[in-house]
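Single-structure report; data block below.
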Amino acid sequence: MPDFTLDHVVIAVQDLDAATADYTALLGREPSWRGEHPKYGTKNTLFRIDNTYIELLSLGAGKGDKRWAGELTRFFQNSGEGLYALALGTSDINAAVRELRDNGLDVLDPSDGDGIDLISGGRREWRNAQAPLKATNGARIFFIQHKSPADALPVAPITATEGAFVKRMDHAVVLSADMEASRRVWGEEIGARLA
């Protein structure tokens, strides 16, 4: 099984500026990154903490790839704002996709992605592969291999007093109406440790 990490959590927001201000106060940290994904038609704010990062994702100015901007638009129409996706990190996306498919999970072919930081002008690159919603019992999951060094996304600067800021994320909870189907996807096909 691939040795996945919880790379990041994606939260869909309609007003990125307002959400950024809210999460800055909630996390006690300034953003690490304010970016755009020209290829995807989205924009984001990232907060890197000790063991993962939180991504606030919103629609950008352009139309972008229907797989990403289109799906985000449908999410807003059906669900409003909220937890949108979990990104599982891997050091070898091609090998991970082969193993996931061997385990029975439908995964789209990996594709290249990049983002531009509007704060520093920096650029990050990655390869990711998305699992269709029907294959994951409705959970939005994608797998990502970062091509840029880890320090391309700096740790979010602390703005709160000692002890009043978020340091790390402990775990993620996935709610499901079909426990057996979810157990198959997460335990058998992805190989995640289940609590």
Side-chain angles (χ1 to χ4, degrees), residues 5-91 93 108 110-131 140-161 164-169 172:
T5 60
L6 179 57
D7 189 78
H8 65 282
V9 175
V10 184
I11 300 168
V13 298
Q14 302 239 16
D15 184 334
L16 186 60
D17 290 335
T20 298
D22 290 345
Y23 276 83
T24 296
L26 177 71
L27 299 171
R29 293 176 177 267
E30 288 290 327
S32 303
W33 183 279
R34 291 288 308 255
E36 292 182 337
H37 308 113
K39 178 178 175 181
Y40 297 154
T42 57
K43 57 186 179 179
N44 64 2
T45 298
L46 308 179
F47 295 88
R48 182 174 156 209
I49 56 177
D50 288 358
N51 62 342
T52 189
Y53 65 95
I54 295 128
E55 176 177 9
L56 306 178
L57 183 67
S58 186
L59 291 169
K63 296 207 182 235
D65 186 317
K66 288 182 185 176
R67 247 189 332 179
W68 298 94
E71 179 57 30
L72 184 57
T73 299
R74 285 186 292 280
F75 180 83
F76 286 137
Q77 291 167 347
N78 297 327
S79 305
E81 298 181 313
L83 182 60
Y84 179 70
L86 296 177
L88 303 181
T90 180
S91 60
I93 191 73
L108 301 176
S111 63
D112 291 324
D114 66 326
I116 302 161
D117 182 14
L118 302 177
I119 300 170
S120 70
R123 185 168 180 239
R124 295 171 50 243
E125 297 179 283
W126 58 82
R127 280 181 62 77
N128 60 23
Q130 191 176 16
R140 284 178 180 78
I141 305 168
F142 65 96
F143 307 92
I144 186 167
Q145 174 188 348
H146 292 280
K147 294 167 66 177
S148 302
D151 63 358
L153 179 60
V155 173
I158 296 167
T159 57
T161 58
F165 59 90
V166 173
K167 290 186 70 163
R168 53 189 298 115
M169 185 171 161

At their closest point, which heavy atom of [X] faces which heavy atom of [Y], and how far apart are they?
X: Leu83; Y: Phe75; value: O-CZ, 3.5 Å
X: Pro157; Y: Pro31; value: CD-O, 3.8 Å
X: Val9; Y: Leu86; value: CG2-CD2, 4.0 Å
X: Pro154; Y: Arg48; value: O-CB, 3.4 Å

| task | Could you walk me through whether Leu46 and Ile54 pass the side-chain contact (heavy atoms from CB on, under 4.5 Å) test, one step at a time? | result | CA-CA 6 Å; Leu46 308 179; Ile54 295 128; over 6 Å; no

Quick one: pull up [atom1] in [X] and [atom2] in [Y] and give me the separation to the nearest 0.5 Å.
X: Asp112; Y: Arg127; atom1: CG; atom2: CZ; answer: 4.5 Å
X: Ile11; Y: Glu81; atom1: CD1; atom2: CD; answer: 10.5 Å
X: Leu56; Y: Asp17; atom1: CG; atom2: CG; answer: 11.0 Å
X: Thr24; Y: Phe165; atom1: OG1; atom2: CZ; answer: 15.0 Å

Answer yes or no: is there a donor N or O on one side and an acceptor on the other, between the side chain of [X] and the main chain of [Y], under 3.5 Å?
X: Ser58; Y: Val13; answer: yes
X: Glu55; Y: Val10; answer: no
X: Thr52; Y: Leu6; answer: yes
X: Thr159; Y: Gly28; answer: yes

| Regarding Asp114 and His37, is there a side-chain donor-to-acceptor distance under 3.5 Å anywhere? | no

| When you measure from the centre of the six-membered ring of Trp33, is the NZ or CZ of Arg124 under 6.0 Å away and within 45° of the axis? | yes

| Within 45° of the ring axis of Tyr53 and under 6.0 Å from its six-membered ring centre, is that where the NZ or CZ of Arg29 lies? | no

| task | Please determine which of Thr45, Asp117, Asn44 meets the side-chain hydrogen bond (donor to acceptor under 3.5 Å, both in side chains) test together with Arg34. | result | Thr45

| field | Residue pair Thr42, Leu72: steps toward the side-chain contact (heavy atoms from CB on, under 4.5 Å) verdict | value | CA-CA 9 Å; Thr42 57; Leu72 184 57; 4.0 Å; yes

| task | Start with the C-alpha distance between Glu71 and Phe76, add both sets of side-chain angles, then the distance that settles side-chain contact (heavy atoms from CB on, under 4.5 Å), and finish with yes or no. | result | CA-CA 9 Å; Glu71 179 57 30; Phe76 286 137; over 6 Å; no

| field | Crowding at NZ, Lys147 (>12 non-hydrogen neighbours, <6.0 Å) | value | yes

| query | Looking at His8 versus Phe142, is the centre-to-centre ring distance below 6.0 Å? | reply | yes

| Which of parallel (below 30°), tilted (30 to 60°) and perpendicular (above 60°) describes His146 and Trp126? | perpendicular

| Where do Met169 and Asn51 land on the side-chain contact (heavy atoms from CB on, under 4.5 Å) test, with the steps shown first? | CA-CA 7 Å; Met169 185 171 161; Asn51 62 342; 4.1 Å; yes

